[in-house]
Amino acid sequence: MITVKNLHKSFGDLEVLKGIDATVEESEVVCVIGPSGSGKSTFLRCLNLLEDITAGEVIIDGAQLTDPTVNINEVRSQVGMVFQHFNLFPHRTVLENITLGPIKVKHLSEKEAKDVALPLLDKVGLSDKADDYPDSLSGGQKQRVAIARSLAMNPKVMLFDEPTSALDPELVGDVLEVMKDLAEEGMTMVVVTHEMGFAKEVGDRVLFMDEGVIMEEGDPLQIFDNPQNPRTQSFLSKIL
Amino acid sequence: MIFTIMDTAYIKSLPFLIEGLKITVSITIIGLFFGMIIGSLAGLGKLSKNKFIRGFWSVYVEVVRGTPILAQALFLYYGVSEDLIGLNITSFTAGVIAIAVNAGAYIAEIVRGAVYSIDKGQHEAGRSMGLTEKQTMRYIVWPQAFKRMIPPLGNQFIISLKDTSVFSVIVVHDVVFMAKEYYNTTFEIFETLVMVCLLYLCITIPTALYLNRLERKLDV
Ligand SMILES: Nc1ncnc2c1ncn2[C@@H]1O[C@H](COP(=O)(O)OP(=O)(O)OP(=O)(O)O)[C@@H](O)[C@H]1O
Ligand SMILES: [Mg+2]
């Protein structure tokens, strides 16, 4: 589903990604962990070209992102992205947040878009909030709306950048629950997260990033319980 | 007692001055309408990735903000329209253009600041679901930015309204022009000018009060 070959990304003189190779299979859930500043967000953002790629290749479902003839909006519409700070549109109701993409990108009618949105709201447990504005929701509710908003585009892949790290601890569970359901339905997911429980239970694979490269990767249980690389060991000993 | 408002010298000037006030308000409103269009283009132009577009609008903004509106009006009316292209536009039209061009530069900064102040996560959320740059601006960034523009735009209305007073030099028949005409025949200079100020205040004070309330309500 996703193939990344020798991906490099620099901001001016600062090289943030220094040659990343990775693949994500269909229906696989890959968790990305690593210290702050190691390039996790940048890596994720390269997967839907929110950052342009300095060198290397990213291929998503057959589309080569660096190919100038590729329609990037088309690719993005198939790659959902969930942000740490939700980024809901405050001037639109919950329902309007979710229907905007289907209406403007997929050209559905308002009614059709609503028929897509309402079951998704139900799925994330927020049917009663359809006409509320984001400001009136808790962080956990906002993030669930953000997930529903991404799902409304019927994406092939979902990218999550620390979806629970801006939440109060007691709200984390609901969001992880929704993500777990998604994984069980077979969604392909790349999740930057420090939620070890989630990674162990739901993740198929863990990538440990440090200083712009993938230092170690493997089965979540093996990485967390028996890391091989000394950098991984020292990182895990700090956060556990 | 000179200062009683019922003194006929004050009231008598009023019908005359109100004719001028109509012109003052018309020029301000029509001018700001076009100023809003120019200002939006300029403000977004200044945020463009293309450095020629950015450069062009920056020069416009700096030139207009760095020169007095009196000089701009004279330049437009006598310099450009009469001298350079020999076109005879009316003073009224020249006044409208002067306000549009002048306010456009200030509105450009209002627009630029408001758009820039919208969290860039909003833009990213739009783009990442497949909206084009234009759609993201139109449906996500602009509506939020516009809300933040309303108070400073109201303020610009007050400024432009007062700015039109210098257009008597290009023979615009605004309040100030009418006042001069009036006191040149009646010699009731003090009374007439008191009324001129009161007329301006009748518009500016309610506008300012309303803006204050709006600002609190919009919570921007
Ligand atoms: N737009 C940018 N311009 C310049 N430097 C940037 C930009 N975005 C990220 N960086 C730099 O790239 C490096 C990696 O950032 P990134 O956000 O990918 O790290 P991260 O692993 O996600 O960290 P965190 O866990 O704190 O979110 C950091 O040094 C950061 O300062
Ligand atoms: Mg990050």
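Small disclaimer: the values here were computed from a predicted structure and weren't measured. Order of the sequence lines sets the chain letters (A, B, ...), proteins ahead of strands, with each chain counted from 1.
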Around [X], counting heavy atoms of other residues, nucleotides and ligands shown, do more than 12 lie under 6.0 Å from its [atom1]?
{"X": "B/F75", "atom1": "CZ", "value": "no"}
{"X": "A/F11", "atom1": "CZ", "value": "yes"}
{"X": "B/F92", "atom1": "CZ", "value": "yes"}
{"X": "B/Y116", "atom1": "OH", "value": "no"}

Inset, instruction - Please determine, among A/G101, A/P90, A/P155, A/G80, the option with the most heavy-atom pairs under 4.5 Å with chain B. - result: A/P90
Legend entry - Heavy-atom contact with chain B under 4.5 Å, split by part of A/L49: neither
Inset, instruction - Identify the two heavy atoms, one from A/F89 and one from B/A125, that lie closest to each other, and give their separation to 0.1 Å. - result: CE2-CB, 3.8 Å
Across chain A and chain B, going purely by atom type as modelled, what donor-acceptor pairs are there at a distance under 3.5 Å?
| unit_1 | atom_1 | unit_2 | atom_2 | d |
| --- | --- | --- | --- | --- |
| B/G121 | O | A/N87 | ND2 | 3.1 |
| B/Q122 | NE2 | A/L88 | O | 2.7 |
| B/E124 | OE1 | A/R45 | NH1 | 2.9 |
| B/E124 | OE2 | A/R45 | NH1 | 3.2 |
| B/E124 | OE2 | A/R45 | NH2 | 2.7 |
| B/R127 | NH2 | A/N73 | OD1 | 3.3 |
| B/Q135 | NE2 | A/K104 | O | 3.3 |
| B/Y139 | O | A/H91 | NE2 | 2.9 |
| B/Y139 | OH | A/K104 | NZ | 3.3 |
| B/Q144 | NE2 | A/H91 | ND1 | 3.4 |

